[in-house]
Amino acid sequence: MARFDLEAELTSRGLVAQQTDAELFHRLATKSTSVYCGFDPTADSLHVGNLLMLCTLRRFQLAGHRPIALAGGATGMVGDPGGRSEERSLLSAEQLQQNLVGINEQLGRFLDFSAGAGSAQALQLDNASWLSPMSVLSYLRDIGKHFTVNEMVAKDSVKSRFERPDHGISYTEFSYMLLQAADFLHLYQNFDCTVQVGGSDQWGNITAGTSLIRKVTGGHAAGLTMPLVTKADGTKFGKSVGGAVWLDANKTSPYQLYQFFMGAEDAMAPSYLRYFTFLSTDELNHLEVATNEAPHLRAAQRRLAKEVTTLVHGAEHADRAEQASVALFSGTVASLDAIALRAISSDVPTSTVAKTSLSKGISVLDAAVGAGLLSSKAEGRRSIEQGGLSVNDVRVEDVDALLGADQVRDGGFIILRKGKRQYHLLTVE
RNA sequence: GGGUCCGUGUCCGAGUGGCCAAAGGAAACUGGCUGUAAACCAGUCGGCUCAGCCUACGUGGGUUCGAAUCCCUCCGGGCCCA
């Protein structure tokens, strides 16, 4: 893999929020090391909120370092107190195992796990393999002895929980940072891992690790955090219609992922491009200028959506998602021919409706609810009353409107749309 | 173990016997303006066979003509004391 200037790569993209020491990049430039990042295994798929760290590990690998993805089977059973106002529920061991399998597959799209990567070959590790065998006594003596409660209480992630008088923090979650510190120590000693990266909310946990390493081994390890990704108004990034945006095609289709990034705000699109793509500085600057000068063309969003979808799902799916988007949003859907419809049907949410029920006349409401486009008929009635539901781009005026055979388009499709951009294809069988 | 307080819709949070499908805020959805943007304005925001009915204020009982509101059980949580 080609080496490149990691410091320039990260700083120019605005990816460095905090770092433990000034010489970090100098060392990284002169000597290969291992770098690790933890991933929360609370679901069986990663989501767009993990994208930044996935890209960051990839950048390290491109620079010749070995990325270690730690999907914490052990810490996942404990739960990080950071970022939550209340105690989280614990995962069962079986659920956790299932989640780790799902995450494993997705990591492979960003990191090179093949032997061909040489010393930069990526690793996925499960901290249960070293934390589970650790006895309580050794935990207390070898890890806990190096921390004072005073400093632990001072960490932001813990402090914020103290500020809510009606909620507490369990000892379990309080201990989380020690487990994460133990992870870092283990990786330092066994995998030559001298750097941990994470979101800026991980700062306290990361520095707990670097200080443990110093105290136990006398050695030096560093931490690096990335800025928190937000939307233009400062709110949480990564939510969309129907909740989280997943990297698993079964949970969020390539089309939906594409659409998520297509809808990025002008103000954020250039930043997202820097964060989530591997475009050159020239291209990034060019797209930023293009967005400023002609925002309505959405050049940055188009490129962002295409790049990320390609990265996550591959070029073929990305092309299809792009084509589907162009087809659905260019002028009228009515202009689409059967071939175009069939092409997009695999990515746009699709469901089937029986020909017989259609000939009898099925209500638009029932069809849309059955298709999952609407969560209830009440919601559908509201949508229709507010003019938010259309069939083949024709606004539905009547709550009791029926779908009929005459609305089936060439190729056997009926196109439902809720609002401006939620499309659903009904295929007739 | 003792004391005390609390558990309300997606979230936060009012409500302390009827006027409660439950204030207010946030999130979300739809419409309008635009550009599949933001901001802004307007409407919506439990379900249904929709002028009515059903379900819902942690769980299960009870009191009452009537309970989110009162009593008891249990479950979950906070704080203080030991």
Side-chain angles (χ1 to χ4, degrees), chain A residues 81 83-90 160-174 230-245 255-273 287-288 290-306 308-309 321-333 344 347-348 362-366 368-370 372-390 393 395-400 415-424:
Chain A
R84 345 188 106 239
S85 61
E86 56 188 61
E87 188 82 8
R88 75 164 70 186
S89 51
L90 301 176
S160 63
R161 290 283 283 273
F162 279 34
E163 283 160 5
R164 284 288 307 233
D166 53 339
H167 288 107
I169 176 171
S170 69
Y171 181 77
T172 306
E173 289 198 11
F174 182 58
T230 60
K231 296 202 289 183
D233 60 3
T235 56
K236 196 173 166 68
F237 166 83
K239 289 280 188 268
S240 159
V241 181
V245 179
Y255 166 79
Q256 289 166 324
L257 183 73
Y258 184 94
Q259 280 296 315
F260 173 77
F261 283 101
M262 192 64 192
E265 301 124 322
D266 295 349
M268 300 310 290
S271 295
Y272 293 163
L273 273 169
L287 285 165
E288 180 159 20
T291 294
N292 288 335
E293 290 180 349
H296 59 283
L297 296 180
R298 313 181 73 76
Q301 284 92 334
R302 282 174 208 284
R303 192 61 190 274
L304 173 67
K306 186 70 179 292
V308 174
T309 309
E322 184 180 37
Q323 285 159 17
S325 297
V326 168
L328 290 174
F329 287 99
S330 68
T332 59
V333 176
I344 65 180
D347 283 304
V348 175
I362 179 173
S363 84
V364 173
L365 279 181
D366 286 332
V369 171
L373 185 62
L374 298 168
S375 58
S376 72
K377 288 189 191 179
E379 186 197 333
R381 284 200 188 84
R382 278 178 233 124
S383 278
I384 291 173
E385 281 161 12
Q386 295 175 130
L389 199 68
S390 63
D393 264 356
R395 187 173 276 187
V396 178
E397 305 286 351
D398 180 4
V399 172
D400 298 317
I415 301 164
L416 300 178
R417 177 163 60 92
K418 179 193 167 211
K420 215 168 194 176
R421 31 191 239 195
Q422 289 178 66
Y423 284 96
H424 190 99

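Here is how names work: the chains are called A, B, and so on, in the same order as the sequence lines, proteins then strands, and each is numbered from 1.
- A gap of 38 Å separates the C1' atoms of B:U36 and B:U49, to the nearest Å.
- Toward the 5' end of RNA chain B, the nearer of the two residues A:D366 and A:K231, judged by each one's closest nucleotide, is A:K231.
- Minimum heavy-atom separation, A:Q422 to A:L373: O-CD1, 3.8 Å.
- Taking atom P in both B:A37 and B:C29, the straight-line distance is 12 Å, to the nearest Å.
- Taking side-chain N and O atoms only, A:Q422 has a distance below 4.0 Å to OP1 or OP2 of B:U30.
- Spacing between B:U10 and B:G78 at atom P, rounded to whole Å, works out to 23 Å.
- One can place NZ of A:K377 at 19 Å from P of B:U55, the figure rounded to the nearest angstrom.
- Pair check for B:G1 finds B:C81; Watson-Crick or G-U wobble, both atom distances under 3.5 Å.
- With sequence neighbours excluded, the residues forming a salt bridge (Lys or Arg N to Asp or Glu O under 4.0 Å) with A:K377 are A:D366, listed by chain and number.
- The same atom, C1', is picked in B:C57 and in B:C11; the two are 15 Å apart, to the nearest Å.
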What does the list of N/O pairs under 3.5 Å between the protein and nucleotides 35-40 of chain B look like, with a distance for each?
unit_1	atom_1	unit_2	atom_2	d
B:G35	O6	A:D266	OD2	3.3
B:G35	N1	A:D266	OD1	3.4
B:G35	N1	A:D266	OD2	2.4
B:G35	N2	A:D266	OD1	2.5
B:G35	N2	A:D266	OD2	3.2
B:G35	N2	A:P295	O	3.3
B:G35	N2	A:R298	NH1	2.8
B:G35	N3	A:R298	NH1	3.3
B:U36	O2'	A:R298	NH2	3.2
B:U36	O2	A:Q259	OE1	2.7
B:U36	N3	A:Q259	OE1	3.2
B:U36	N3	A:Q259	NE2	3.3
B:A37	O4'	A:R298	NH1	3.1
B:A37	N3	A:D266	OD2	3.3

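- One atom, CG of A:L374, and another, P of B:U30, lie 10 Å apart when rounded to the nearest Å.
- Under the Watson-Crick and G-U wobble criteria, each requiring two contacts below 3.5 Å, nucleotide B:C40 is paired to B:G32.
- B:G60 and B:C72 make up a base pair, with Watson-Crick or G-U wobble contacts both under 3.5 Å.
- For A:P295, the side chain to side chain contact (heavy atoms under 4.5 Å, CB included) partners at least two apart in sequence or on another chain are A:D266.
- Taking side-chain N and O atoms only, A:R382 has a distance below 4.0 Å to OP1 or OP2 of B:G47.
- Taking the salt bridge (Lys or Arg N to Asp or Glu O under 4.0 Å) definition, one finds that A:R382 meets it with nothing, sequence neighbours left out.
- Remark: A:Y272 pairs with A:F237, A:F276 by the ring-ring contact (aromatic ring centres under 6.0 Å, His included) rule, at least two apart or across chains.
- Looking at heavy atoms from C-beta onward, A:L304 lies out of side-chain contact with A:L287 at the 4.5 angstrom threshold.
- B:A28 and B:G18 have their C1' atoms separated by 33 Å, given to the nearest Å.
- Nucleotides B:C72 and B:A56, compared at atom C1', are 23 Å apart to the nearest Å.
- The backbone N or O of A:L328 lies less than 3.5 Å from a partner atom in the side chain of A:Y423, making a donor-acceptor pair.
- Look at CD1 on A:I384: it is 14 Å from C1' on B:C29, rounded to the nearest Å.
- The gap from the C1' atom of B:C65 to that of B:G17 amounts to 12 Å, rounded to the nearest Å.
- In this view, A:D233 and A:T235 satisfy the side-chain hydrogen bond (donor to acceptor under 3.5 Å, both in side chains) rule, not counting sequence neighbours.
- Along RNA chain B, the nucleotide closest to A:A378 and the one closest to A:G388 are compared, and the more 5′ of them pairs with A:G388.
- Base pairing analysis places B:G24 opposite B:C12; the two distances defining the Watson-Crick or G-U wobble pair are each below 3.5 Å.
- Taking atom P on both nucleotides, B:U69 is separated from B:U8 by 13 Å, rounded to a whole Å.
- Whole-Å rounding puts the A:Q386 CD to B:A42 C1' distance at 10 Å.
- The phosphate of B:U30 has neither OP1 nor OP2 within less than 4.0 Å of any side-chain N or O from A:S383.
- Here B:G31 is the nucleotide among B:G31, B:A28, B:C48 with the atom lying nearest to any side-chain atom of A:R395.
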